[in-house]
**Q** 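Pasting a structure below so you can have a look.
Values in this document were obtained by computation on a predicted structure and should not be read as measured data. Sequence lines set the chain letters: A, B, ... in the order given, protein chains first and strands last, and positions in each chain run from 1.
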Amino acid sequence: MLFYSLKKLAEAIEFDVEDYIPLIQLFLETTDESLVEISAAVKSADKDIISSNIHNIKGASMNLGLVPFTNIMEEMSKFNKMGLFSDIDKRVLECKTELNKVKQVLEKS
Amino acid sequence: MQKVLVVDNNPVVLQYMETFLSKNGYTVKTAENGLIALDIVKDYIPDYVFVDLIMPYIKGELLVSILKERKDLSETSIIILSGVAAEIELDYIAMGADACIAKGPFNSMGKHISHVLNELAKNGSNQKFKQVIGLEDVFKRSITEELMVAKLHGEVILEGISDCIIELSIDYRIVYINNAALNFLNKSEKNVIASNLLNNIDSEWHGEIIDFLEKIKNGDTSKSIELNRGNEYFLITAKYLNSTKDNTIVLIIKDISLHKQREEELKKKISEREMMIKEVYHRVKNNLAMVSSIINLQLGESDNVEAVRALNDLRSRIDSISMVHAKLFRGKDLNNINLDDYIMDLVANLIDSFVHSELTIAADITFPEVAVDFDKAVPLGIIITELTTNALKYAYEGQVSGLISISYLDKGENIEIIFADNGKGLSSDLSVEGAETLGFNLITTLVMQLQGSVNVENKNGAVFTITLPRL
């Protein structure tokens, strides 16, 4: 199980934790929205919308050093290419679990 | 304090850049798309502008070229900050940018930003970074490449088509315009991007366009409007693109001038044809009237009772045909005439010309409005003429008044025309098919021609029932 340390993540980009928290909050909001769009696009098998949202989450997670999200998006991207939409749905759930971990860390801070 | 503008649709990047640059002593403004950026630079002259390439509304490349054209921004350095830089070949110097940084993890991206800003501060706008900075920190991602290829395909198609495509923000500012639309507006892309559509079109169109766009925004996408500019005609359709983030309206303007011109030519040709056909009907009617007059003159010369009767019958038949031509000539419809109107006039004419002073004949004609073509009107007219003439000549001998009734019954697939007089009736041994007179022969022949049948009976006078397929 991976643990998120706000302190370490903030230090990695030479930010104070208090400056880092708004970034993480924005990441949580935008990723939540993108996951909703991915789930809707899975139902209509719209690969373009899925791809575009994967791109957004992947870019932001890479910026912030949130490696687990980047890895999940890599996998989702492959499934999307192959049209394996049920596997994308499973990864959406994984991603939500990771988001909850980050939310819990934020709440404790 | 040096000023920076950051244009990126990713809120995390904007938040990072604002915090990072502020901490490093810069005044920072952020814009989540090119439209907002262009509004900001109206009264904020930044020293540095960071531009993402993939953004909604105005694409980054176009935004860079618009900013570079601004004289008041000539000292401003433009830095492209984009993930795309790591995935496709970018000639950012040709675009007008001074440097290009590949987006990556913020820890290394921050260092690259500081480095570029320091170098630019030292060397001013003469400094051009020859290579994309930060490529070593990112791994090549195929997702963006695929998105870019798909986008490029779409753009190639849009730039090549002859219809005008204009994409508008919900406050009607132009965020995309294809080549055909630029030709239509006779303006350059840099001049129209971010400007209000209404500033670029004829003022006389404003009312209709605003009304149309408001309807589109309210979900009424079924409508299109037709507008003209002199002799040029345009069909305008629109689609409201409703996404969770950025809503736009796509206008499609199609030049239908040629279509309109052909439509007008066709209308003119149809009108000329109608005039010609009317002229033909008119001439035939006149010629038939002349034949009828000649017969009339001949009648005045003849003492022979049989000859007079035959000539009168002949004249009635010719008049009935002439009347069809007259109706077609005067009517609006060149192919059909109203049967009720025709029968009414025909019977009235016959009664007028046959009835002598001691005999008064009334006619009761009950017909719905039925339009029939020329090929059916002529035989029907002759049939009614024969039946009426026969009744007028023979049914009322010794009587001072009589009634002729003609009615029309709808029988589903067939119709019935019932002709009845209240005269003395036909002799009991008469059958229409077996009759040897010219009149009855004509009736049976013409009824057959109309693929119908005729039945005759005595019922307070003679009753002829003509059954015909639906007219």
**Q** Count the heavy atoms of every other residue, nucleotide or ligand shown that sit under 6.0 Å from CD of B:E32, and state whether that count exceeds 12.
**A** no
**Q** Under 4.5 Å from any heavy atom of chain A, what part of B:V13 do you find: side chain, backbone, both or neither?
**A** side chain
**Q** Locate the shortest heavy-atom distance separating B:N10 from A:A60; write the atom from each residue and the value.
**A** ND2-CB, 4.1 Å
**Q** Go through A:L64, A:N80, A:T30, A:I24 and name the one with the most non-hydrogen pairs under 4.5 angstrom from chain B.
**A** A:L64
**Q** Could you check whether atom NZ of B:K217 has more than 12 heavy atoms from other residues, nucleotides or ligands sitting under 6.0 Å from it?
**A** yes
**Q** Please step through side-chain contact (heavy atoms from CB on, under 4.5 Å) for the pair A:F15 and B:T19, ending with a clear verdict.
**A** CA-CA 9 Å; A:F15 267 32; B:T19 309; 3.6 Å; yes
**Q** To the closest 0.5 Å, what do you measure between CD (B:Q15) and CD1 (A:I21)?
**A** 11.5 Å
**Q** State, to 0.1 Å, how close B:F106 and A:I13 come at their nearest heavy-atom pair, and which atoms those are.
**A** CB-CG2, 3.3 Å
**Q** Just so I know, are the side chains of A:D19 and B:K23 near enough to count as touching, which here means a heavy-atom distance under 4.5 Å?
**A** yes
**Q** Taking the side chain as everything from C-beta on, heavy atoms only, tell me whether A:M62 gets closer than 4.5 Å to B:K103.
**A** no
